[in-house]
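Comments concern the structure below.
Residue numbering restarts at 1 for every chain, and letters A, B, ... go by the order of the sequence lines. Quantities reported herein were computed from a predicted structural model and do not represent experimental measurements.
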Amino acid sequence: KNQVEQSPQSLIILEGKNCTLQCNYTVSPFSNLRWYKQDTGRGPVSLTIMTFSENTKSNGRYTATLDADTKQSSLHITASQLSDSASYICVVSASTGTASKLTFGTGTRLQVTL
Amino acid sequence: EAGVTQFPSHSVIEKGQTVTLRCDPISGHDNLYWYRRVMGKEIKFLLHFVKESKQDESGMPNNRFLAERTGGTYSTLKVQPAELEDSGVYFCASSPTGGAWQYFGPGTRLTVT
């Protein structure tokens, strides 16, 4: 069964600090891994997408890493801002013939405070 | 460019009633996906349209759910009759042909009482 597990479940950090969110997956056959940011009351928005051959991808203050051997990914947020408060969802795509299916993690809820 | 829109944003109905959710994808996107998030759980795939055809509906929970995409533009998801366990947030996403990125709508929060 395809699964994506994220940790921690929630996190509170002070503005300006860095943090790292973790994602472990068991999805086969692996196609790519995505990190999404979901603000309250809104749909998920893509931050990064990485294929098997990529081990790091940056998008501004967000840097995602991928270790396909251990099936782990992390999302590092640098110099956090209040606007970073959101749920961060790790999503793994399994390419299954004609359709790719996304397996979602339950997300890490990040709160950035003053 | 307008993003994916969904209507309504919230819906509260009684068990046994019917509800129809609507999704308008980004113009020109052939791929349209429906997902659902039940409280406390992860978002789960429901089905995938390519234009007006159902490419994959393996995630549809049962025959009380009916999705359509007549004309290959907007899509509707009807739940009839609704049950308590259908409560959750229903997301729609779209992507262009060959595009890896899926663009999500804001979701419809459905509450069945």
request  = Scan B/R37, B/K44, B/E42 and name whichever one has a side-chain contact (heavy atoms from CB on, under 4.5 Å) with A/F104.
outcome  = B/E42
Smallest separation among heavy atoms of [X] and [Y], with atom names:
X      : Y      : answer
B/I43  : A/Q38  : CD1-OE1, 4.5 Å
A/Y36  : B/Q102 : OH-O, 3.8 Å
B/W101 : A/I49  : CZ2-CG2, 3.3 Å

query = What's the spacing between A/N2 CG and B/F45 CZ if we round to 0.5 Å?
reply = 12.5 Å
ask   = Which region of A/Q6, side chain (C-beta onward) or backbone (N, CA, C, O), has a non-hydrogen atom less than 4.5 Å from a non-hydrogen atom of chain B, or is it both or neither?
value = neither
ask   = Measuring heavy-atom distances to chain B, does A/T48 have an atom under 4.5 Å in its side chain, in its backbone, in both, or in neither?
value = backbone
Greater than 12 external heavy atoms within 6.0 Å of [X]'s [atom1]:
X     : atom1 : result
B/K54 : NZ    : yes
A/R42 : CZ    : no
B/E85 : CD    : yes
B/F7  : CZ    : no

query = What residues, two or more places apart in sequence or in another chain, satisfy side chain to side chain contact (heavy atoms under 4.5 Å, CB included) together with A/S83?
reply =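 For A/S83, the residues satisfying side chain to side chain contact (heavy atoms under 4.5 Å, CB included) (neighbours in sequence not counted) are A/Q81.
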Determine all donor-acceptor pairs shorter than 3.5 Å in which one atom belongs to a side chain in residues 106-113 of chain B; sequence neighbours excluded.
residue: B/T108; atom: OG1; partner: B/P8; partner atom: O; Å: 2.5
residue: B/T113; atom: OG1; partner: B/I13; partner atom: O; Å: 3.4

message = Could you check whether any side-chain heavy atom of B/Y35 comes within less than 4.5 Å of a side-chain heavy atom of A/L102, counting everything from C-beta outward?
response =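 Side-chain contact under 4.5 Å: yes.
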